[in-house]
Structure formats: structure tokens, C-alpha cells
Amino acid sequence: MATAISFAQFIRLSKTSVFLHGNGLRSFTNSVSFSSASSSALSSPQLLKKKWRQPVVSVLELGGTKIAKDDVIRDDPTNNVPDTIFAKLGMQLHRRDKHPLGILKNAIYEYFDTSYSNKFDKFDDLCPIVSVKENFDDVLVPADHVSRSYNDTYYVDSETVLRCHTSAHQAELLRRGHTHFLVTGDVYRRDSIDSTHYPVFHQMEGVRVFSPEDWSESGIDATSYAAEDLKKCLEGLARHLFGAVEMRWVDTYFPFTNPSFELEIFFQEKWLEVLGCGVTEQEILKRSGKADNVAWAFGLGLERLAMILFDIPDIRLFWSSDERFTSQFSTGQLGIKFKPFSKYPPCYKDVSFWINESFTENNLCEVVRGIAGDIVEEVRLIDNFTNKKGMTSHCYRIAYRSMERSLTDEEINKLQWDVREQVQNKLNVVMR
Ligand code: PHE
């Protein structure tokens, strides 16, 4: 029963990929969006050299690059990375073999290794700090696409971001000559707060390049050949992970693939989107010196799949170090169902204010997360009206709930007090 409820909630709240919409109309998005063999430092060497040659205090080593906190967070208008996000850099949940995300990554590796006799090169330690060029330009994301905004993406400076998808590594790996590869990593997106959205999550990217001899004897054109191969590969992957599920393909849009598809599986009475994919835009191959080839690519969100496979009801749990969570999973065990160890009561607090022109829900959520961290379960707009003078009021209901303990009234009142104060000061709205 608990599962049914949590999953229904998951479906209802699920939003789709930020890259689906060519016209950039969406503003609140998150991804569904997708060893350690040949991993190496990859991100924009010129950029890393310039900014990270001599970190003041080296606190982290990411993909072979040492990074200090003040390399990532600076008091500068071109920087919007908060402390809470810096704290996640280097956690690499996907590299822990006993963590649901690591178990899932390994299960996907297993599928590719057996189906393609170890042909896919695997990268899971590439630095998540990448250039704007790698994250957007190299994969043909239009200059005015919503995903480039400071409201949606974490910028270290005007030319450097925390990658918002693993597609950021496609072009460089192609340039380096890889023809079959999987890239797994943590990705970062500014977003709203609920049980399926968290500003850091994990994706796996897959790319396969074909040569003319691959398709020449098939009697079909290169693009159709790649599209067919892609669908076969991913249907096999879905069966490997979910067993005999019903699935369907839906046409969609991504800037980097054409045609583009989403794979949906029928799970607990609902169609659920599990990945995005398509035939790589020829322009990307051309720029990588592969004009005569054709390729496919896919991207899948690991949390989304892991929530289904392990019955995990809240995305914050992936970050929990509570033994009652971590001890439930073991290496190589994909089928284990998570048993909720507690359900502490939520506490709801409302906050109402007159918004201004620059107000966004993502900014509000960042303020709330900055104060309450993982104690905040959901921030939901419950009232919205514009008065005769044209002033717009929003009322948000904040659900506070720890997954690990009961919260005291005193503690929540203090959090809510801080939220009110910072919402007013940082977002310049007028409290009601
Ligand atoms: N990068 C896309 C996303 O994050 C997923 C994707 C990858 C789609 C590769 C197509 C090809 O939504």
C-alpha cells in the first residue's frame, strides 16, 4: 500500500526533461531525463588551467582536478552556486557499489558488457564543472534556450557551469575518438522542491557511432538504421532492468538528436517516461571529425529508475547516511525493495508575499533549501491572485519533514522564521 501511494505521488509530480521543449517555454523543469575503466579528467582543460591551477585550499578532487570551495562559490553576480550545492560536489553516489544508484549503474553496465562484448568505454568520474560551450553549444542548445538561464542552471562564472546533463561530455569524447561509450555522473539543475525533484541527480549517457560498412548492407538509410538499433538496444535494457514490461516509443524533441524519442514503460497502471534518446545531429558528428558516420545517443535519469526498481518513495533518501537506509542495499542486488523505516509527521507552514518581476519559484526553493536543507519535503504554490492594482500575491505551503527523526515545534518555527526573513531580504518581495 505504501508503495502504491508513493508511486502514484511520484507519477503525479513527475515533470519532464528540460530539453524536450524547443521553444523554451518551460521555466520549472527537471530531468528524467540516464567501470570506472577509462575515466580521466576531461572538462575543458584550458578553463581548468586558467581557474584552478593553484587552488587556495584543495578540498576536492574531481575527475583528477583539485577544486577549492572559492573556485566554485564566489561573491559575484555571475555566480549562483550556493553552499548546499557545493557540499554535494564529489559525493559521487553513483560510484558506491552498495548504493541504489551504484547498483543500478552496475546493472546497466552489465547489460552493455554482455550485449556488446565489453565494447562500451565507461566514464563515471568526469569533472561536473564544465564550460558553457560543452554543456550547451557543443550539443547545439539554442542561444535563447531556457535551460541556459541563471534560473535553471548553476553558473560558476559566465563561461562555466555545473553540468546540467551528461550530454555535456558527448562532443569531447567523440572528438577523442570514442565510438561506444557510457558516461555516468552527477548533474545539477535549479528546481522546485518535491518528492521527485532534487537539485542534484544522476544521469547516464550512452553513445554509439556507426561506420558506413555497418549500414551499407542493410538496405535502409543510415538514420533509420541507427534509430532501429537504438530502439532495439534500449528495449533490451528496459527488459534487463524491469523484466517483461509493456513499453512504447513517443516522438519528442531534443536539440542534439533528430529524430528524438522517449521510451515509456507501463508501470503500476501508468505510462512512465524513462529515458530520452535519438539519432545524433549530424552537425555534432561533423564537428567531431566524423562527418561520414551516424550515431545514436540516449540519456537516462538514474534516480527516476531507482525509485521504481527499489521502491524508494522520496528522492532525498538517496542522500541519507542513515544506516536504516544504507544497510538495506547490497552490491549487485537490483531487486531489493526498500522498507520505509519510519514516517515522521510532516509540518506545514505557509508563507505569502507580493511577488516582483524577478521572482521565480526556483529562487524561492533555493532560499528554503539553504535554510532547511533536506528537512524540506515540498514547496507548493497554494494560492495565486492579482489585485486591482496589478500586484500579484503568491502563497506557498512548505512541508517540513525529516526522514530520520521527529522535528520539534521550536525547531520548525525557527526555520520558518528564517525562511520569512530571507525570502524578504534576498528575494525583495513584500510579505503579507
Ligand atoms: N540530455 C537529455 C536530458 O537531460 C537526455 C538525452 C541524452 C536525450 C541524449 C537525447 C540524447 O534531458
Side-chain angles (χ1 to χ4, degrees), residues 32-40 92-126 166-167 169-170 173-174 177-185 202-211 213-215 217-218 225-249 261-265 267 272 274-280 293-310 329-337:
V32 293
S33 339
F34 265 58
S35 189
S36 321
S38 37
S39 46
S40 59
Q92 298 195 315
L93 302 180
H94 59 285
R95 298 183 77 200
R96 303 180 188 184
D97 290 338
K98 291 182 183 164
H99 188 281
L101 299 178
I103 298 168
L104 175 57
K105 181 196 77 174
N106 290 332
I108 302 174
Y109 279 3
E110 189 184 279
Y111 170 76
F112 278 92
D113 283 346
T114 34
S115 317
Y116 299 91
S117 35
N118 301 320
K119 253 193 136 178
F120 276 78
D121 299 325
K122 304 178 198 84
F123 301 87
D124 70 354
D125 188 26
L126 301 179
T166 42
S167 304
H169 301 291
Q170 268 193 25
L173 288 170
L174 285 168
H178 294 278
T179 57
H180 297 69
F181 57 89
L182 301 171
V183 180
T184 313
H202 298 76
Q203 287 189 325
M204 188 188 291
E205 189 92 2
V207 173
R208 178 177 188 186
V209 181
F210 298 93
S211 321
E213 56 265 30
D214 292 323
W215 71 80
E217 277 171 26
S218 69
Y225 180 85
E228 257 181 43
D229 186 85
L230 169 67
K231 288 183 174 178
K232 230 176 42 216
C233 166
L234 294 173
E235 285 167 13
L237 174 62
R239 271 193 301 272
H240 178 73
L241 299 176
F242 294 100
V245 280
E246 237 191 292
M247 31 190 149
R248 69 179 183 193
W249 289 100
F261 316 101
E262 269 163 14
L263 178 61
E264 296 187 344
I265 61 169
F267 190 79
L272 178 77
V274 291
L275 60 85
C277 65
V279 178
T280 304
N293 301 74
V294 65
W296 55 239
F298 69 81
L300 57 81
L302 291 178
E303 275 82 349
R304 169 170 290 215
L305 295 178
M307 286 176 88
I308 305 168
L309 290 163
F310 296 93
F329 309 98
S330 21
T331 311
Q333 303 273 304
L334 193 64
I336 290 174
K337 298 296 178 206

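- Among all heavy-atom pairs drawn from N293 and S211, the shortest one is ND2-CA, 3.8 Å.
- Using a 4.5 Å heavy-atom threshold, the side chains of F261 and L230 count as touching.
- The side-chain hydrogen bond (donor to acceptor under 3.5 Å, both in side chains) with D124 is formed by just one residue from the set H94, K105, Q92, H202; it is K105.
- Using cut-offs of 30° and 60° for the angle between ring planes, the F112 and F298 rings count as parallel.
- Ring orientation note: the planes of Y111 and H240 are tilted relative to one another, at an angle of 30° to 60°.
- Taking CZ of F210 as the reference point, atom CH2 of W215 lies at 9.5 Å (rounded to 0.5 Å).
- The shortest heavy-atom contact between A297 and Q170 is CB-NE2, 3.6 Å.
- Taking the six-membered ring for Trp and the full ring otherwise, the centers of H178 and F123 sit less than 6.0 Å from each other.
- Shown here are the ring-ring contact (aromatic ring centres under 6.0 Å, His included) partners of F310, two or more places apart in sequence or in another chain: F329.
- The shortest side-chain heavy-atom distance between T184 and Y109 falls under the 4.5 Å cut-off.
- Under the 4.5 Å side-chain criterion, counting only non-hydrogen atoms from C-beta, I108 is in contact with L302.
- E205 and T166 get closest at one heavy-atom pair: OE1-OG1, 2.9 Å.
- Note that CD of E235 and CG of L263 are 7.0 Å apart. Values are rounded to the nearest 0.5 Å.
- Taking CG from L309 and CD1 from I103, the interatomic distance works out to 10.5 Å, rounded to the nearest 0.5 Å.
- Between V245 and A238, the shortest heavy-atom contact is CG2-O, 4.5 Å.
- Of all heavy-atom pairs between A226 and V294, the closest is CB-CG2, 4.0 Å.
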**Request:** Applying side-chain contact (heavy atoms from CB on, under 4.5 Å), run through L104 and L241 and close with a yes or a no.
**Result:** CA-CA 9 Å; L104 175 57; L241 299 176; 3.9 Å; yes
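- L173 is not listed as a side-chain neighbour of V207, based on a closest heavy-atom distance of 4.5 Å or more.
- A 4.5 Å side-chain heavy-atom check between R239 and M247 finds at least one atom pair inside the cut-off.
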| task | In sequence, state the C-alpha distance, the side-chain angles, and the governing distance for R304 and L272, and then conclude on side-chain contact (heavy atoms from CB on, under 4.5 Å). | result | CA-CA 10 Å; R304 169 170 290 215; L272 178 77; 4.0 Å; yes
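- Residues W249 and C277 are in side-chain contact: their nearest non-hydrogen atoms beyond the backbone lie under 4.5 Å apart.
- Atom CG of D113 sits about 4.5 Å away from atom CG of N118, to the nearest 0.5 Å.
- Here CD of E213 is found 12.5 Å from OG of S218. Values are rounded to the nearest 0.5 Å.
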